[in-house]
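Before any comments, here is the structure.
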There are 2 protein chains.
Amino acid sequence: MSEAAIQTYTRADEAFDCLQTAIVKGDLVPGEKIGEVELCSRFNLTRGPLREALGRLESRGLLVRRPHAGVKVVSVSAEELLELYRIRETMEGLAARQAAERMTDDEIADLQATLDSHEKMIEQAQGQAYYQAEGDYDFHHRIATGSRNTKLAQMLLGDLYYMVRMYRYRLSTSSGRPHMALEEHRRIAEAIAQRDGELAEFLMKRHINAARKNIETKIHNGTLSI
Amino acid sequence: MSEAAIQTYTRADEAFDCLQTAIVKGDLVPGEKIGEVELCSRFNLTRGPLREALGRLESRGLLVRRPHAGVKVVSVSAEELLELYRIRETMEGLAARQAAERMTDDEIADLQATLDSHEKMIEQAQGQAYYQAEGDYDFHHRIATGSRNTKLAQMLLGDLYYMVRMYRYRLSTSSGRPHMALEEHRRIAEAIAQRDGELAEFLMKRHINAARKNIETKIHNGTLSI
DNA sequence: AGTCTATAGATTGTTGACAATATGATCCCT
DNA sequence: AGGGATCATATTGTCAACAATCTATAGACT
């Protein structure tokens, strides 16, 4: 009865995944034009499925396409990155509220358990940006799905997070405040556990707002350059 | 310097538009399987571009696809439709706030002018759902773009609105309260004109919340069936 | 009789060749 | 010499045939 994984994995799906991770990890540089044939040889694909994947990526906003002129990875300005966080603030606030109302007790227990493992990871991998980013992603992912709001989860996980992760890799801006972020996560999880939707929403909004301000000051400092 | 319209219109774009409007207008029934060749003959297309369009529609959530089994128009339950309004509430609230901060005076004047024409349309086309829906769409469209938040506008206009419009057509649920909706629009426009972002956000959220409740009661009444 | 299996048909996914368009360099004109 | 138009090239968009997969029908077995 449980969703039987991806029964059949089509070439276009493969292309989609390859391209997506390549974009997120920064192997494909924004602004630079990328030829289709080059991509084909790179991922051992043929142009048909590749084009289909390009179309999907485009409609998700990770690529921009100009007819007969090729595609390039979207280049997001500093302002647009900050706008992204404004969107996250409202949407994830909603997700947190609905998650507080709808997550099962088991899911909440899991959520809190993952926070413990995140704590260990942070201590072990002192400042290793990668683990911080993955832990953070894991937490937000669980809440998005926990909202039981299909479209909301789809928009967050399918659209926004890829973009955010892309800039995480690129700017290696994994918050730089791991302990504080973890503490905020803990509080949000606690609010959810108490089924206090309003509080969960408030805390989540403040959490993301703090992350945004953090990036904002870094940009003004010149620590971050886009 | 002004965006030179769509210079070249590719077959895939054509397919995308055709399919999108067909879905929105309800010519393509949700849940029912649709063959590719059938669509090709219907829109005078070949399978290549069509498939690309299908991919785009799928990643926007208007179609669901099962490998080797075909595509079908997404069927949204009543609960999911209401969830959609919850998402709109937060996102359009943000849009209204940012629009109040960023729209030009000219844009605001235009916005208020369109409301006048909407009023006339409502009076002339007594209860004609179509015009109500179009006027409503126009208003929200202007605010979304007025937010100057590229990604936000993209998500609202490229994702949510198509889905909402789809269900507008299908349920012909054009609010059923045109005068009240217009009055709410007026107040939102006024708040934007006064550059009162907080108020604009509040009013927009309340406006969409009212629309959601309206649908909710209709569903419980049995007036609306999905 | 009901259920499971195997096969045939149809539909989707993929491939490689063909046509249309944009880019860049060359050449001509002012 | 600089700017603009022209043309060649390379790249993208499109097409039609081929291969792989699913669904439905029919048959056999329990």
Side-chain angles (χ1 to χ4, degrees), chain A residues 1-20 22-23 28-75, chain B residues 1-20 22-23 28-75:
Chain A
M1 199 95 293
S2 69
E3 303 271 331
I6 295 135
Q7 305 127 356
T8 44
Y9 199 61
T10 174
R11 298 285 273 185
D13 294 328
E14 193 184 327
F16 183 77
D17 288 348
C18 286
L19 283 172
Q20 185 156 253
I23 293 171
L28 262 42
V29 184
E32 208 166 84
K33 187 206 161 192
I34 42 183
E36 290 187 2
V37 285
E38 188 194 328
L39 290 175
C40 286
S41 60
R42 192 170 186 169
F43 298 115
N44 273 77
L45 290 163
T46 163
R47 277 184 60 217
L50 180 91
R51 283 189 115 264
E52 202 181 308
L54 290 178
R56 287 197 233 172
L57 267 318
E58 186 202 8
S59 94
R60 294 207 179 180
L62 262 66
L63 292 179
V64 291
R65 199 178 215 170
R66 225 177 36 183
H68 294 103
V71 305
K72 61 181 183 184
V73 177
V74 67
S75 55
Chain B
M1 197 94 296
S2 70
E3 304 271 330
I6 295 136
Q7 305 127 356
T8 43
Y9 200 61
T10 175
R11 298 285 272 187
D13 293 329
E14 193 184 329
F16 183 77
D17 289 347
C18 286
L19 282 172
Q20 186 157 253
I23 293 171
L28 261 40
V29 184
E32 207 166 87
K33 188 207 158 192
I34 42 184
E36 291 186 2
V37 286
E38 189 195 328
L39 290 175
C40 286
S41 60
R42 190 171 189 168
F43 298 115
N44 273 77
L45 290 162
T46 166
R47 279 184 59 217
L50 180 91
R51 283 189 116 261
E52 203 181 309
L54 290 178
R56 286 196 234 173
L57 267 318
E58 186 202 9
S59 94
R60 293 207 180 182
L62 262 68
L63 293 178
V64 290
R65 197 177 215 172
R66 226 178 36 183
H68 294 102
V71 305
K72 60 181 185 184
V73 178
V74 69
S75 55

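Quick note on labels: first sequence line is chain A, next is B, and so on, each numbered from 1.
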So do Val64(B) and Val73(B) actually touch side chain to side chain, heavy atoms under 4.5 Å?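 Result no, sub-4.5 Å side-chain heavy-atom pair not found.
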
Would you mind reading off the distance between [X] atom [atom1] and [N] atom [atom2], rounded to a whole angstrom?
{"X": "Leu50(B)", "N": "dT14(C)", "atom1": "CG", "atom2": "C1'", "result": "16 Å"}
{"X": "Lys72(B)", "N": "dT12(C)", "atom1": "NZ", "atom2": "P", "result": "14 Å"}
{"X": "Tyr9(B)", "N": "dA20(C)", "atom1": "OH", "atom2": "C1'", "result": "18 Å"}
{"X": "Glu58(B)", "N": "dT12(C)", "atom1": "CD", "atom2": "P", "result": "14 Å"}

For Arg60(A), salt bridge (charged side-chain N to carboxylate O under 4.0 Å, His left out) partners two or more places apart: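 If we apply the salt bridge (charged side-chain N to carboxylate O under 4.0 Å, His left out) test to Arg60(A), skipping adjacent residues, there are no hits.
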
Ignoring backbone atoms, test whether Thr10(A) places a side-chain nitrogen or oxygen under 4.0 Å from the OP1 or OP2 oxygen of dT12(C).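 No, no such contact exists.
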
Show me the donor-acceptor pairs, under 3.5 Å and distance only, between side chains in residues 28-38 of chain B and residues at least two apart or in other chains.
unit_1: Glu36(B); atom_1: OE1; unit_2: Arg47(B); atom_2: NE; d: 2.9
unit_1: Glu36(B); atom_1: OE1; unit_2: Arg47(B); atom_2: NH2; d: 3.2
unit_1: Glu36(B); atom_1: OE2; unit_2: Arg51(B); atom_2: NE; d: 3.4

According to side chain to side chain contact (heavy atoms under 4.5 Å, CB included), who are the partners of Ala15(A), at least two apart in sequence or on a separate chain?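 Residues passing side chain to side chain contact (heavy atoms under 4.5 Å, CB included) with Ala15(A): Leu45(A), Ala53(A).
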
In chain order, what residues pass the side chain to side chain donor-acceptor pair (under 3.5 Å) check against Arg42(B), with sequence neighbours excluded?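 If we apply the side chain to side chain donor-acceptor pair (under 3.5 Å) test to Arg42(B), skipping adjacent residues, there are no hits.
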
Which residues pass the side chain to side chain donor-acceptor pair (under 3.5 Å) test with Glu58(A), not counting sequence neighbours?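 By the side chain to side chain donor-acceptor pair (under 3.5 Å) rule, Glu58(A) matches no residue at all.
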
Just the table, please: protein N/O against nucleotides 10-12 of chain D N/O, every pair under 3.5 Å.
unit_1: dT12(D); atom_1: OP1; unit_2: Glu36(A); atom_2: N; d: 3.3
unit_1: dT12(D); atom_1: OP2; unit_2: Glu36(A); atom_2: N; d: 3.3
unit_1: dT12(D); atom_1: O3'; unit_2: His68(A); atom_2: N; d: 3.3

